[in-house]
Number of protein chains: 2
Amino acid sequence: MLHRRIVSALTDNILNLIGNVSGYVIYLSGTQLAKRLMSAYLDKITDFIERLDMETANVLENCSVAKVFKKGDFLLRQGDVCKKSYLVESGIVRKYYLHDGKEITTELIFAGDIAVAFDSYCLQAPGREFIQAVTDVTVAVTDYAVFQKAKQQYPKLTALDLLMTEYYAMWLENRLFQFQTMDATQRYRLLIQKDPHVIQNVPLTYIASYLGISLETLSRVRAKM
Amino acid sequence: MLHRRIVSALTDNILNLIGNVSGYVIYLSGTQLAKRLMSAYLDKITDFIERLDMETANVLENCSVAKVFKKGDFLLRQGDVCKKSYLVESGIVRKYYLHDGKEITTELIFAGDIAVAFDSYCLQAPGREFIQAVTDVTVAVTDYAVFQKAKQQYPKLTALDLLMTEYYAMWLENRLFQFQTMDATQRYRLLIQKDPHVIQNVPLTYIASYLGISLETLSRVRAKM
DNA sequence: CGGATTAATTGACTTAAGTCAAATAATCCG
DNA sequence: CGGATTATTTGACTTAAGTCAATTAATCCG
């Protein structure tokens, strides 16, 4: 069921983003509080979905189509308009852009989470981001136009879209917070603490650029652990 | 008129965020393209507001109340729940949090733009951010609960909220992009190119932490210009 | 399997930016 | 005004992280 997955994905995600980095308390008022708050927000989304009327729930359900991509395949290329959103069912996807010939990973997307080039999707205009399958993946593809239309007919879908966009904005705020307050080691520790499977499945090059550090620095950070 | 201001604020903001930093082309496909795209998005918001039915437009209009703050006053303190959003009518407001005893400015808000502690507002839970008047300011205050209620009755307000939240998320993505691809000098140049009045009105300490650099580094960057 | 390509580590050196401390400059207010 | 507080600059030094280059490890596929 689409929505259940979205929600569980969000739960995982929150646990990934906020936490205690070996003695390093993130939210001023403490990690535990932050977790509770964010969970509360997820509950809000869960509740919201569960309270949807049958018809709206059904429309949401039928908005997406399953699709498979092989490792290395591109779901979206730089310069393309992002006309689909991809709910990852299995496997790993990443978003990245090129800068000075280097790939800068902006997001690592695991099962249950949604992959979309946000600005390109909102603007329906060519963007700089690539979306690529890091492993073989299965995704639930939702078309932009279809969802837009559905939102017009079923206003609650707009409210749901808003909740999820708010969540994404909070995720971005958190990422920014990490960049402004944590060094390479702390950022890496936080990542592996919350997404331990990242290490087995994602090349360190991707992880390094995701953390905003060089591959060599990441390697050295890992060495002393 | 509230909405007009929101829109013109957004326009300014976009011109602030994306641009050519003395020979440094930001969007891969070029600054001009990015500007056009973001403007198009603003047009979308403008259009949306202009097409609102009388009743909805009226409700939106009557959601807010004028208020004045003196320089240094706090609109919100760390640990408080952000129950209001503040549309700045005149003056400058900033958002910041404390980290290791230092103030980290997260946003500088000018006339026409909205000041809100986003996560605290969405979660309706205590947050880490302070919102403070950098100069004497007049703001249009909108209550969270009132706006929530209005959205329930007038679905188009939800759609408007979504558009603005999408805009904020894109703003955050852009800020993240700047942190990952630009050095101190480039970030400073971009800021003053787009917000030249910042220099006259905002203490360099605030600007430095907003750019994610130390006051001394900012001073040195400014010296060689 | 085993050579070849790709990924990761390690070493040596550079550099952007941070820190600490002191000196100016600006502004505020009695 | 003029002293006091606050803001900014400048200097000297440190440091986290980057770069370049070489090596080792892993994995891919014929």
Side-chain angles (χ1 to χ4, degrees), chain A residues 21-22 24 70-73 91-92 94 96 98-105 108 132-136 176 178-192 197-225, chain B residues 21-22 24 70-73 91-92 94 96 98-105 108 132-136 176 178-192 197-225:
Chain A
V21 192
S22 50
Y24 187 95
K70 286 248 164 272
K71 176 177 178 172
D73 282 356
I92 306 174
R94 69 162 177 148
Y96 73 94
L98 293 170
H99 180 76
D100 287 347
K102 282 177 202 157
E103 299 179 353
I104 313 280
T105 298
L108 294 168
Q132 187 184 31
V134 174
T135 63
D136 291 352
L176 223 20
Q178 286 173 229
F179 273 103
Q180 279 199 293
T181 61
M182 293 162 68
D183 64 18
T185 305
Q186 292 172 322
R187 294 205 295 275
Y188 177 69
R189 288 220 180 108
L190 180 56
L191 179 67
I192 55 162
H197 50 298
V198 166
I199 306 310
Q200 286 100 51
N201 303 303
V202 182
L204 293 182
T205 323
Y206 300 173
I207 294 173
S209 72
Y210 176 68
L211 295 174
I213 60 182
S214 71
L215 175 61
E216 294 92 331
T217 297
L218 177 58
S219 186
R220 281 183 249 267
V221 162
R222 281 160 53 76
K224 13 180 162 82
M225 285 187 74
Chain B
V21 192
S22 50
Y24 186 95
K70 285 250 164 268
K71 175 176 178 172
D73 282 355
I92 305 175
R94 70 164 176 146
Y96 73 94
L98 292 171
H99 180 76
D100 287 349
K102 282 177 202 157
E103 299 179 352
I104 312 280
T105 299
L108 295 168
Q132 188 184 30
V134 174
T135 62
D136 291 353
L176 223 19
Q178 284 172 231
F179 273 103
Q180 281 199 293
T181 61
M182 294 164 66
D183 63 18
T185 306
Q186 291 171 323
R187 294 205 294 275
Y188 177 70
R189 288 221 179 108
L190 180 55
L191 178 67
I192 54 162
H197 50 298
V198 167
I199 306 310
Q200 285 101 52
N201 303 302
V202 182
L204 292 184
T205 323
Y206 300 172
I207 295 173
S209 73
Y210 176 68
L211 295 173
I213 60 182
S214 71
L215 176 60
E216 294 92 332
T217 297
L218 177 57
S219 185
R220 281 183 249 269
V221 162
R222 282 159 53 75
K224 14 180 163 79
M225 284 187 74

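Remember, predicted model here, so these are calculated numbers, not experimental data. Just so it is clear: chains get the letters A, B, ... in the order the sequence lines come, proteins before strands, and each one is counted from 1.
Comparing atom distances between the Ala184(B) side chain and each of dT9(D), dA17(C), dT10(D) picks out dA17(C) as nearest. Across dT10(C), dG18(C), dT19(C), the shortest atom-to-atom separation from the side chain of Ile213(B) is found for dG18(C). Distances were taken from every side-chain heavy atom of Leu204(A) (C-beta onward) to each of dT19(D), dT19(C), dA8(C); the shortest belongs to dA8(C). Taking only side-chain atoms of Glu216(A), from C-beta outward, the nucleotide of dC20(C), dG18(C), dG11(C) with the closest atom is dG11(C).
Taken to the nearest 0.5 Å, the CG atom of Leu215(A) stands 9.5 Å off from the CZ atom of Arg220(A).
Considering only side-chain N and O atoms, Lys224(B) lies nowhere under 4.0 angstrom from the phosphate OP1 or OP2 of dT10(D). When the side-chain nitrogen and oxygen atoms of Arg222(A) are compared with OP1 and OP2 of dT9(C), one or more of them lie within a distance under 4.0 Å.
Counting non-hydrogen atoms under 4.0 angstrom, Leu215(B) reaches a base of the nucleic acid.
Whole-Å rounding puts the Tyr188(B) OH to dA17(C) C1' distance at 17 Å. Spacing between atom CD of Gln200(A) and atom P of dA26(D) amounts to 15 Å, rounded to whole angstrom units. Rounded to whole Å, the distance from CG on Leu211(B) to C1' on dT8(D) is 16 Å. Summarising the geometry, the separation between CD on Gln186(B) and C1' on dA16(C) is reported as 12 Å, rounded to the nearest angstrom. When rounded to the nearest whole Å, the span between CD1 of Ile199(B) and P of dA26(C) equals 15 Å. Per the geometry, CZ belonging to Phe179(A) stands 15 Å off P belonging to dA17(C), to the nearest Å. Atom OH in Tyr206(A) sits roughly 11 Å away from atom C1' in dA7(C) (whole-Å rounding). Atom-to-atom, CD of Gln180(B) to P of dG18(D) comes out at 11 Å; the value is rounded to the nearest Å.
At least one side-chain heavy atom of Glu103(B) sits under 4.5 Å from a side-chain heavy atom of Leu98(B).
Under the Watson-Crick and G-U wobble criteria, each requiring two contacts below 3.5 Å, nucleotide dG30(C) is paired to dC1(D).
Ranked by how close their nearest DNA chain D nucleotide is to the 5' end, Asp183(A) and Ser219(B) are led by Ser219(B). Where Arg220(B) and Thr205(B) each meet DNA chain D at their nearest nucleotide, the meeting point lying more 5' is that of Thr205(B). Between Lys71(B) and Thr217(B), the residue anchored nearer the 5' end of DNA chain C, judged by the nucleotide with its closest heavy atom, is Thr217(B).
Each of Ile213(B), Leu211(B), Asp183(B) was scored for a side chain to side chain contact (heavy atoms under 4.5 Å, CB included) with Tyr188(B), with one residue passing: Leu211(B).
Remark: the backbone N or O of Val221(A) is not paired with any side-chain donor or acceptor of Thr185(A) at under 3.5 angstrom. Under a 3.5 Å cut-off, the side chain of Thr135(B) and the backbone N or O of Ile92(B) do form a donor-acceptor pair.
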